[in-house]
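After the structure tokens below, expect a handful of questions from me.
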There are 2 protein chains.
Amino acid sequence: MTNDLMTIRQMCDAFDVTPRTLRFYEAKELLFPQRDGTRRLFTRRDRARLTLILRGKRFGFSLEDIRQILDLYDRDGSNHAQTLRTFELAQQRLAQMEAQRAELDVAIADLKAELDAGSAMIAGLRRAAE
Amino acid sequence: MTNDLMTIRQMCDAFDVTPRTLRFYEAKELLFPQRDGTRRLFTRRDRARLTLILRGKRFGFSLEDIRQILDLYDRDGSNHAQTLRTFELAQQRLAQMEAQRAELDVAIADLKAELDAGSAMIAGLRRAAE
DNA sequence: CGTTACATTTACGTTAACGTCAAGCACTCT
DNA sequence: AGAGTGCTTGACGTTAACGTAAATGTAACG
């Protein structure tokens with residue numbers, strides 16, 4: 001079986017992050033590796049948390065958002081209200097992302113239109129430059 | 001007819017930007033207002049440029065990108081190669097935006113899936129918190 | 001002339017998520 | 001002992017696009 005404790009390098013290789021990132025996450029209290037003297041040893045719990053952190057980032061959550069969510073469960077892993085809170089955050093984030101996509105769609109459509117229209121944009125630039 | 005020269009406040013009202021923004025754009029050499037003593041007076045040319053700047057921002061261009069494009073036409077308003085260059089930049093930006101939208105679509109789909117699947121994410125968070 | 005209302009320059013502050021040194025300890029191999 | 005490798009803790013640097021505050025000017029109104 002895989003050793004339960006991993007060095008910083010093993011973590012970096014396994015999750016494709018830099019040592020700086022792991023130390024940064026520890027400083028931000030997202031991870032809590034054990035110590036062997038001065039060296040960090042990451043536990044199964046750290047790996048589970050890191051997995052969630054990276055997933056959260058893919059969803060566009062900030063590290064601070066993620067830390068808060070993780071903390072909710074640190075302090076009370078069985079509170080149903082906390083679970084609901086997490087759902088709410090996820091829903092909010094989803095709404096944000098969809099709004100962002102909508103804006104992006106408009107911008108893409110506009111830009112395409114200008115390119116297709118025979119360079120209205122270019123003409124505009126000409127005028128702006130005199 | 002509208003006065004050809006506008007004060008900073010008239011510009012702010014007309015374009016919905018702050019004075020700081022206009023001064024910032026001048027510092028970045030995107031605008032070149034005239035002076036009445038110490039005060040700025042924005043010309044028709046400045047207004048045309050600002051319109052393009054704001055349009056460029058909607059498309060996600062950085063101010064530096066915009067400045068470069070504008071400069072191309074400042075230095076040579078009739079060079080066909082410059083026009084092509086602008087097209088290229090626009091096309092690149094379009095490709096970026098579409099890639100970004102694709103990523104966003106994946107993230108949205110993933111997040112929806114986790115929410116719909118009966119909180120796989122929540123379960124993961126529980127485990128990560130122990 | 002005093003106040004009000006805008007204007008100006010200068011310059012530090014903000015935000016996120018790390019990057020990039022610098023200096024030094026700990027172990028191992030030879 | 002010396003060399004090499006890897007880990008550690010600081011601590012400042014980076015990026016974009018302004019925000020914000022301080023000190024000052026000046027134009028018009030009454």
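Order of the sequence lines sets the chain letters (A, B, ...), proteins ahead of strands, with each chain counted from 1.
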query: dG6(D) P sits how many Å from Leu41(A) CG, rounded?
result: 17 Å

- prompt: At under 4.0 Å, does any side-chain N or O of Tyr25(A) touch on OP1 or OP2 of dA17(C)?
  reply: no

- prompt: Once you round it to whole Å, what is the distance between P of dT9(C) and CZ of Arg23(B)?
  reply: 7 Å

query: Is a side-chain donor or acceptor of Asp46(A) paired with a backbone partner of Thr43(A) at a separation under 3.5 angstrom?
result: yes

message: Please confirm whether the shortest side-chain N or O distance from Thr18(B) to OP1 or OP2 of dC18(D) is below 4.0 Å.
response: no

task: Report the distance from atom CD1 of Ile8(B) to atom C1' of dA5(C), rounded to the nearest whole Å.
output: 15 Å

query: Would you call Arg47(B) and Phe15(B) a side-chain contact if the rule is heavy atoms closer than 4.5 Å?
result: yes

Whole-Å distance separating the CG atom of Asp16(B) from the P atom of dC18(D): 12 Å

message: Given dA17(C), dA7(C), dT9(D), identify the nucleotide with an atom nearest to the side chain of Arg9(B).
response: dA7(C)

- request: Would you kindly give the CD-to-P distance between Glu26(A) and dA17(C), to the nearest whole Å?
  value: 18 Å

- request: When you get a sec, tell me which of dG6(D), dT9(D), dT8(C) is the closest nucleotide to the side chain of Arg39(A)?
  value: dG6(D)

- prompt: Can you check the Leu30(B) CG to dA17(D) P distance for me, whole Å?
  reply: 10 Å

- prompt: Taking side chain as C-beta onward, heavy atoms only, is Ile108(B) less than 4.5 Å from Lys112(B)?
  reply: yes

query: Tell me: CD1 of Ile66(A) to P of dA16(C), nearest whole Å?
result: 13 Å

- request: State which of dA27(D), dA17(C), dC7(D) makes the closest approach to the side chain of Lys57(A).
  value: dA17(C)

- request: Using heavy atoms to find the nearest nucleotide of DNA chain C for Arg20(B) and Ser62(A) separately, return the residue whose nucleotide is more 5′.
  value: Arg20(B)

field: Out of dG19(D), dA17(C), dT9(C), whichever nucleotide has its closest atom nearest the side chain of Leu63(A)
entry: dA17(C)

task: Apply the test side chain to side chain contact (heavy atoms under 4.5 Å, CB included) to residues Tyr25(A) and Val17(A): give CA-CA distance (whole Å), side-chain angles for both, the deciding distance (0.1 Å), then the verdict.
output: CA-CA 11 Å; Tyr25(A) 289 170; Val17(A) 295; 5.7 Å; no

- request: Please check the phosphate of dT9(D) (OP1 and OP2 only) for any side-chain N or O of Arg40(A) closer than 4.0 Å.
  value: yes

Length of the line joining Asp36(A):CG and dT8(D):P, which is rounded to integer Å: 10 Å

- prompt: Where the side chain of Phe24(A) is defined as all heavy atoms beyond and including C-beta, which of dT8(C), dG6(D), dC18(C) is the nearest nucleotide?
  reply: dC18(C)

- request: Answer yes when Glu26(B) and Arg23(B) have at least one side-chain N-carboxylate O distance shorter than 4.0 Å, and no when they do not.
  value: no

- prompt: Side-chain N or O of Thr21(A) less than 4.0 angstrom from OP1 or OP2 on dA17(C)?
  reply: no

query: Are OP1 or OP2 of dT9(C) and a side-chain N or O of Arg35(B) less than 4.0 angstrom apart?
result: yes

